[in-house]
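Sequence lines set the chain letters: A, B, ... in the order given, protein chains first and strands last, and positions in each chain run from 1. This is a predicted model, so every value here is computed, not measured. Heavy-atom basis, side chains included; hydrogens, waters and symmetry copies ignored.
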There are 2 protein chains.
Amino acid sequence: MAKTTMSDVARQAGVDVSTVSRALNERTAGMLRSETVEKVLAAAADLGYQPNVLARGLRTQRSHTVGMVLPDLTNPFFPPIVRGLEDALEVGGYTLIVANTDNDARRERRALHSLVGRQVDGLVVATSHIDGDEGAAAVGGLPVVLVNRRGTDPTIPAVVPDDDAGVALAVRHLLDLGHRRIGHVAGPADTSTGRTRAEAFARITGDAGVHDPSWVEAAHIFGVEDGMAACERLLERHPDLTAICAANDLLAIGSLRALRAAGRRVPGDVSLVGFNDMPLVDLIDPPLTTVRIPQYEMGRQAGELLLQLLEQPRPRRQRKPVAVTPELVVRQSTSAPA
Amino acid sequence: MAKTTMSDVARQAGVDVSTVSRALNERTAGMLRSETVEKVLAAAADLGYQPNVLARGLRTQRSHTVGMVLPDLTNPFFPPIVRGLEDALEVGGYTLIVANTDNDARRERRALHSLVGRQVDGLVVATSHIDGDEGAAAVGGLPVVLVNRRGTDPTIPAVVPDDDAGVALAVRHLLDLGHRRIGHVAGPADTSTGRTRAEAFARITGDAGVHDPSWVEAAHIFGVEDGMAACERLLERHPDLTAICAANDLLAIGSLRALRAAGRRVPGDVSLVGFNDMPLVDLIDPPLTTVRIPQYEMGRQAGELLLQLLEQPRPRRQRKPVAVTPELVVRQSTSAPA
DNA sequence: CTGAAAGCGCTTACAG
DNA sequence: CTGAAAGCGCTTACAG
């Protein structure tokens, strides 16, 4: 049951391995007589030959593998991105290897290192702790695309949600309902999404003449526990708030818990808007009003960008982040203030 | 910025590449003078040398890569399994490549094929359509372990939830609450979990003298839509039921929708128990009573089993599936019948 | 149109 | 203790 190799096929077809290689490669099959090609194909099929991708990669200096670093696959936000990415990469014949970093800078560095050791041809980075530049350095000039975050290096392409538009959707919805005392449970200040959304919130509420920065309270990480704590702090400072806009759904869920623990009903006493529209948030109690980010689409676009970089490595140039358009999903966690 | 190779290190250290190889490998470093080893280590560190895992794999005939096929990463049941698996495999220096099959037999076959082409050293199979035997054949005798399902070939190790115990927990809970007219929204009959749980349900309710097989209605796939349809059929046949035990949480959520659509309150009119305790089911309305499967733990154990097979390929032998112990999580979707 | 040779970056018997 | 050689399974100039 030893694995069939190209020389097995060559022997069976009565040709040289180089001929087998040519016959099996679409681009080079044309230089062979069609009978030869058929002979080889038949032998290959007969033996159930499966090319050794590693050996090919060693020779061609391309592993046809792409690495992705993300904080945690267990966060339901990421799997759709991964699927979109895979689907896009598949058309170029690339396989994805995913590494979890648990928001730990050291693990992140290790993961990057290990992926480079596995000879990935490119990288997709969805983590927040390693800066684009530093990452690029660690990575030895490999093509990189960022997803769901912006880097500081403008030559590194990024695919991000249009956070400004998303926050505007959420805040506008609350304003339209009649809310004026609106708090923001923000994401970590060391993440680009956290910062961008907080800034958008401040700007939009400021423009609407609503209030000051004390209405923003940042969590340390994008998690339920942290959202709960941040919401508690916000409630302490502004017990009279009537609405909360959270920087993602996990923070919203944490806020929901904090509100419940404080005896506030949602949306009776406080309206709540999330961000992302994760799977299952339509099933929580109450079904969460949120801003939907097209995750699969973000992954797909990131994959296509990377594919471009992989196939035609052009000189780096400035590029604006690709912003995918969010959409407000009104469910039952928001209503007019009492 | 070309990648540093072993011969770069050799040149810098003034030794042969074979010496570099020996110095960098713990097992062989002992045959070298410690000064030599240090010289090499210094050169490697200096150049930021990163071994080429592909080249090593080609030579040693081990890619140190493991493939996993699962239906859909987007199903929150799987990510914790993946993480457990990765954590277990990491200690052996293995990297995991995950392939989604969307419950499609053709995609499944293709994925398996592609993973074998990538020279994976072993496989973890969490899909249901390809039988263990067939899979093993497709895979050319590679070590395989099944997770969350049983195969028909008893020499292939499997890690599964203890479904009998889990269903017993669920049914016992409903019986204890006083329910007697209990339906089962079963999983697909062509999956081992679907079948096993349905059989357990029938046996346990039978033993309790409760009722007959007409109280079981199977979905075609483990999904919300299908659960809804199956529950509707069940309601039609048994409009007087007071409790439903679903074969997984997605089916439970579908059942919840069907019950709502039929004007039944949960748990007021009908109690509902899920299976798995997926992330976020504690947040749905009402918080779902369910049977918790230790997913991470299943993944971890599968990883350890595979590691054993990988490190010491013994002759195949019969083995009982490893059954991980479930746990009842009582929340608010169950109560005594009206 | 096809074969023989070299080489991708490693590891590992084989010498010395 | 270390070097030189062969070879893992491919691809691709180079001949012919």
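- The ring pair (Phe, Tyr, Trp, His ring centres under 6.0 Å) pairs that include a residue from residues 53-101 of chain A are His64(A)-Tyr94(A), where partners are two or more places apart or lie in different chains.
- For residues 49-64 of chain B, no pair satisfies salt bridge (charged side-chain N to carboxylate O under 4.0 Å, His left out), with sequence neighbours left out.
- Summarising the geometry, atom OH belonging to Tyr49(B) is positioned 6.5 Å from atom CG belonging to Leu24(B); distances are rounded to the nearest 0.5 Å.
- Rounded to a whole Å, the NZ atom of Lys39(A) is 8 Å from the P atom of dG3(C).
- Taking all atoms of both residues into account, the shortest heavy-atom contact from Val66(B) to Val120(B) is C-CG1, 4.0 Å.
- Near DNA chain D, defined here as any heavy-atom distance below 4.0 Å, there are no residues from residues 41-54 of chain B.
- Within the structure, salt bridge (charged side-chain N to carboxylate O under 4.0 Å, His left out) contacts touching residues 11-21 of chain A (residues at least two apart or in different chains) are Asp8(A)-Arg11(A).
- At dC1(C), none of the side-chain N or O atoms of Arg33(A) fall inside 4.0 Å of OP1 or OP2 (strictly under the cut-off).
- Separating the NE2 atom of His64(B) from the P atom of dT11(C) is a distance of 10 Å, rounded to the nearest angstrom.
- Identified under the salt bridge (charged side-chain N to carboxylate O under 4.0 Å, His left out) test for residues 63-91 of chain A, with sequence neighbours left out: Asp72(A)-Arg83(B), Arg83(A)-Asp72(B), Arg83(A)-Asp102(B), Glu90(A)-Arg110(B).
- Within the 4.5 Å cutoff, no side-chain heavy atoms of Arg149(A) are placed close to those of Thr191(A).
- Contacts between residues 15-31 of chain A and DNA chain C, defined by a heavy-atom separation below 4.0 Å, involve Val15(A), Asp16(A), Ser18(A), Thr19(A), Arg22(A), Met31(A), listed by number.
- Side-chain contact check for Gln301(A) and Glu297(A): at least one donor-acceptor pair (N or O, by modelled atom type) lies under 3.5 Å.
- Listed by chain and number, the residues in a side chain to side chain contact (heavy atoms under 4.5 Å, CB included) with Leu58(B) are Asn52(A), Ala55(A), Leu58(A) (sequence neighbours excluded).
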What does the list of N/O pairs under 3.5 Å between the protein and nucleotides 6-8 of chain D look like, with a distance for each?
unit_1: dG7(D); atom_1: N2; unit_2: Arg59(B); atom_2: NH1; d: 3.4
unit_1: dC8(D); atom_1: O3'; unit_2: Gln61(B); atom_2: NE2; d: 3.2
unit_1: dC8(D); atom_1: O2; unit_2: Arg59(B); atom_2: N; d: 3.3

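- Rounded to whole Å, atom C1' of dG3(D) lies 16 Å from atom CZ of Arg11(B).
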Q. Reading DNA chain D 5' to 3', what string of ( ), [ ], | and . shows its pairs, if Watson-Crick and G-U wobble pairs count only when both distances fall under 3.5 Å?
A. |||.||||||||.|||
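- In this structure, CG of Leu32(B) is placed 13 Å from P of dT11(C), rounded to the nearest angstrom.
- For Thr36(B), whose side chain is taken as the heavy atoms from C-beta onward, the closest listed nucleotide among dC1(D), dC10(D), dC1(C) is dC1(D).
- Residue pairs meeting the salt bridge (charged side-chain N to carboxylate O under 4.0 Å, His left out) criterion with at least one member in residues 34-44 of chain A, sequence neighbours excluded, are Arg33(A)-Glu35(A).
- Taking OG1 of Thr101(B) as the start and CG of Leu73(B) as the end, the distance is 11.5 Å to the nearest 0.5 Å.
- Sequence neighbours left out, not one pair with a member in residues 12-42 of chain A passes ring pair (Phe, Tyr, Trp, His ring centres under 6.0 Å).
- With sequence neighbours excluded, the residues that form a side chain to side chain contact (heavy atoms under 4.5 Å, CB included) with Ile97(A) are Thr65(A), Leu115(A), Arg118(A), Thr95(B), Ile97(B).
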